[in-house]
Amino acid sequence: MFVAWRDLKFAKGRFALMGTVIVLITLLVGLLSGLTAGLGRQNVSAITGLPADRIAFDAPGGGQDLSYADSTVTAGQWLQWARTPGVTSAEPLGITTTRATAGDRSTGVSVFGVRPGSPLAPGSGEIDDGSVVLSTPAADDLGLKPGATFALAGQRLTVAAVRGDASFSHTPVIWTSLTTWRKTAPPAAADGPTATVVALSTDSATDTRAADEAAGTRTVSREDSLSAIGSYTSENGSLQLMRGFLFAISALVIGAFFTVWTIQRSADVAVLKALGASTAGLLKDALGQALVLLAGGTLVGTGIAAALGALVAGSAVPFLLTPATVLFPAAVMVLLGALGAALSIRRITSVDPLTALGSAR
Amino acid sequence: MSLHLTDVTLTYPDGESRLTALDRVTLDVPKGSLTAVVGPSGSGKSSLLAVAATLITPDHGTVTIDGTTTTGMTRGELTDLRRHKIGIVFQQPNLLPSLTAAEQLQVMARIDGRSPAKARTRALELLDAVGLADQAGRRPHQLSGGQRQRVNIARALMNDPTVLLVDEPTSALDHERGAAVIDLITRLTHRQAAATVLVTHDRTHLTAVDRIAVVRDGRLRLPTPAG
């Protein structure tokens with residue numbers, strides 16, 4: 001790093017310009033990552049927070065994809081799963097989206113219907129046909145506290161408790177009994193009490209395929225079931241694509257910079273080779289220089305992204321500030337940037353030391 | 001002998017034929033002596049220097065540096081040999097723009113893995129020897145042409161080479177500065193006990209060299225004592 005450090009200090013303007021580009025790209029990637037995670041959480045946190053490892057949907061016909069919006073499971077299907085060997089818990093879960101009104105406040109909510117005492121809902125012991133548990137965002141939106149009453153799809157309900165911050169499809173969750181939920185979303189099938197899906201806790205002995213055939217359901221893991229939320233796949237896919245492009249752009253920009261820089265330094269490299277510097281040593285020096293620039297730029301960009309994220313995290317902007325949303329993109333930036341730089345710097349290997357003899361400067 | 005070229009032939013592709021740059025050249029340069037190789041442009045002087053510097057492998061013949069024959073050496077082994085045994089004074093100073101005069105020399109020691117403190121001491125000693133002790137902290141653009149050439153010479157001596165190869169060191173200098181540079185190379189050759197080959201097309205400054213060899217059309221006439 002003897003020459004690399006001195007180059008960094010000597011060519012301050014060029015490296016400051018490139019460093020600024022890295023800072024800005026890292027800032028953009030950091031903000032986009034926090035926003036993607038925040039939007040994702042608003043979409044799926046109620047599902048990812050369920051104490052279940054599998055979700056059973058009513059098997060769709062005609063090659064259709066699974067959908068939380070279209071699935072309706074019957075009591076028969078639920079009981080079939082409850083009897084299946086290896087299933088430690090089978091809980092019916094009803095899901096629908098509607099509006100809740102409290103005084104002059106009104107907001108869209110997702111109603112999650114569970115059996116009283118079900119492990120799926122926080123504070124489910126307090127849920128009955130007239131009492132519900134509100135997630136904190138729902139309580140905030142409606143301005144409600146425990147003991148208050150509000151209207152949900154024509155029903156007058158009492159807030160038994162405010163627990164958790166579950167959201168589904170960008171709306172806050174209200175945990176109700178299955179009876180209350182059914183009045184919100186009338187069952188489509190006539191085969192007794194229904195729900196949307198069955199949340200399952202299984203062990204390794206569970207023959208999922210056989211149970212699906214017997215119950216007429218299709219079962220997927222809890223994480224795979226997220227693709228059955230209509231907006232999630234397209235929304236998350238678009239944001240991830242943008243993030244991917246930013247990563248690719250950063251690698252290309254850094255690669256282009258170091259390509260030009262290496263070409264400019266070719267005469268110096270030839271001189272050093274002629275004087276006895278090994279190619280490996282010169283590559284190490286150049287890569288070290290790239291890593292210093294990348295690490296510095298990424299550190300500053302990530303710091304600014306984290307500071308901005310902390311500022312907006314409590315507001316209406318769905319920004320999620322966690323080590324995963326801040327440090328992971330930073331690590332990817334450094335890794336891809338180093339890869340781009342390495343591909344450019346490798347041309348050092350082809351510099352002929354002979355050109356130093358008689359080369360004019 | 002510190003530098004020994006035996007029956008060296010070097011050819012370059014030239015269209016469908018090959019051009020002979022060096023034709024069965026034999027040259028011995030003992031320690032502590034300065035041999036000037038003179039000849040017109042295109043006579044093969046630079047090719048001879050490149051072969052002696054192990055930057056080109058000849059088609060035929062052997063190059064021996066301080067008892068080590070370079071035939072069959074890998075690129076890495078040749079690089080190590082250059083680092084430890086050969087000093088090169090380039091035609092143009094070829095100084096790195098981001099380094100000060102002292103750092104131009106220190107980088108040689110760093111390449112060789114020597115301690116920074118010893119490298120700095122040695123660099124300042126050599127800059128003092130070439131009359132640039134007070135310019136150690138200046139970068140190339142802050143030095144005159146003659147000063148840059150003297151840094152170039154000091155850099156070549158940094159790793160105490162057995163063989164010193166000097167390529168047209170006066171080509172960019174006026175008469176007075178050119179004479180001073182040749183005088184400096186002669187003094188340092190004797191002081192460092194290096195086997196020095198000085199390639200030049202300019203005979204005006206060669207009164208101080210030990211021997212003069214003439215190269216023409218790739219053939220070397222045996223060196224004769226100067227003067």
Side-chain angles (χ1 to χ4, degrees), chain A residues 1-19 258 260-290 292-293 345-361, chain B residues 41 45-57 75-100 103-113 116 119 139-141 145 148 152 155-156 158-159 161 165 167-168 171-172 199:
Chain A
M1 291 288 289
F2 185 80
V3 177
W5 280 117
R6 282 152 186 83
D7 279 347
L8 282 167
K9 281 191 268 182
F10 184 69
K12 284 191 200 81
R14 267 175 283 186
F15 283 106
L17 193 66
M18 190 57 215
F258 278 101
V260 174
W261 178 241
T262 307
I263 289 169
Q264 285 180 342
R265 292 184 65 232
S266 291
D268 293 345
V269 170
V271 168
L272 289 169
K273 279 188 171 183
L275 293 174
S278 67
T279 301
L282 291 169
L283 284 171
K284 212 187 295 176
D285 202 58
L287 196 60
Q289 189 179 58
V292 166
L293 190 67
I345 287 164
R346 79 195 152 91
R347 70 177 55 232
I348 282 176
T349 59
S350 62
V351 173
D352 187 352
L354 186 60
T355 57
L357 277 182
S359 66
R361 181 73 56 83
Chain B
S41 294
K45 301 189 302 292
S46 295
S47 296
L48 187 146
L49 204 72
V51 168
T54 73
L55 296 174
I56 303 180
T57 303
R75 193 176 292 182
E77 289 168 339
L78 290 172
T79 301
D80 285 346
L81 187 72
R82 277 201 302 279
R83 184 160 66 242
H84 295 126
K85 304 281 186 184
I86 302 172
I88 302 174
V89 178
F90 300 101
Q91 182 174 357
Q92 300 293 330
N94 283 356
L95 303 180
L96 278 64
S98 62
L99 305 187
T100 63
E103 288 167 349
Q104 305 284 347
L105 277 64
Q106 284 172 261
V107 74
M108 294 296 300
R110 289 301 191 92
I111 287 169
D112 201 27
R139 292 205 166 84
H141 68 275
R148 284 199 287 268
N152 185 17
R155 178 176 61 183
M158 186 64 187
N159 286 349
L165 304 171
D167 186 16
E168 304 268 14
S171 63
V199 162

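Just so it is clear: chains get the letters A, B, ... in the order the sequence lines come, proteins before strands, and each one is counted from 1.
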Please confirm whether the backbone N or O of A:Leu357 pairs with a side-chain atom of B:Asp167, one donor and one acceptor, at under 3.5 Å?
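Here the side-chain-to-backbone pair does not exist.
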Would a distance-only check, ignoring hydrogens and angles, find a side-chain to backbone donor-acceptor pair under 3.5 Å from B:Arg110 to A:Met1?
no
Atom of [X], atom of [Y] and distance for their closest heavy-atom approach:
X	Y	result
B:Gln106	A:Phe2	CB-CZ, 3.8 Å
B:Ile88	A:Ala274	CD1-O, 3.6 Å
A:Phe10	B:His141	CE1-CE1, 4.3 Å
B:Pro97	A:Asp268	CD-OD2, 3.6 Å

Spacing of [X] atom [atom1] and [Y] atom [atom2] [to the nearest 0.5 Å]:
X	Y	atom1	atom2	result
B:Arg75	A:Lys273	CZ	NZ	7.0 Å
B:Ser98	A:Trp5	OG	CH2	13.5 Å
A:Ser278	B:Arg82	OG	CZ	10.5 Å
B:Met158	A:Leu275	CE	CG	12.0 Å

The test is side chain to side chain contact (heavy atoms under 4.5 Å, CB included); show your working for A:Val271 and B:Arg155 and say whether it passes.
CA-CA 12 Å; A:Val271 168; B:Arg155 178 176 61 183; 3.9 Å; yes
Could you tell me which portion of [X] (side chain, backbone, both or neither) has an atom closer than 4.5 angstrom to a non-hydrogen atom of chain A?
X	value
B:Leu99	side chain
B:Ile86	neither
B:Glu168	neither

Pick from A:Gly281, A:Ala277, A:Ala280: which one has the most heavy-atom pairs with chain B under 4.5 Å?
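Top count of heavy-atom pairs under 4.5 Å with chain B: A:Ala277.
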If you define the side chain from C-beta out and look only at heavy atoms, does anything of A:Leu272 sit under 4.5 Å from B:Leu96?
yes
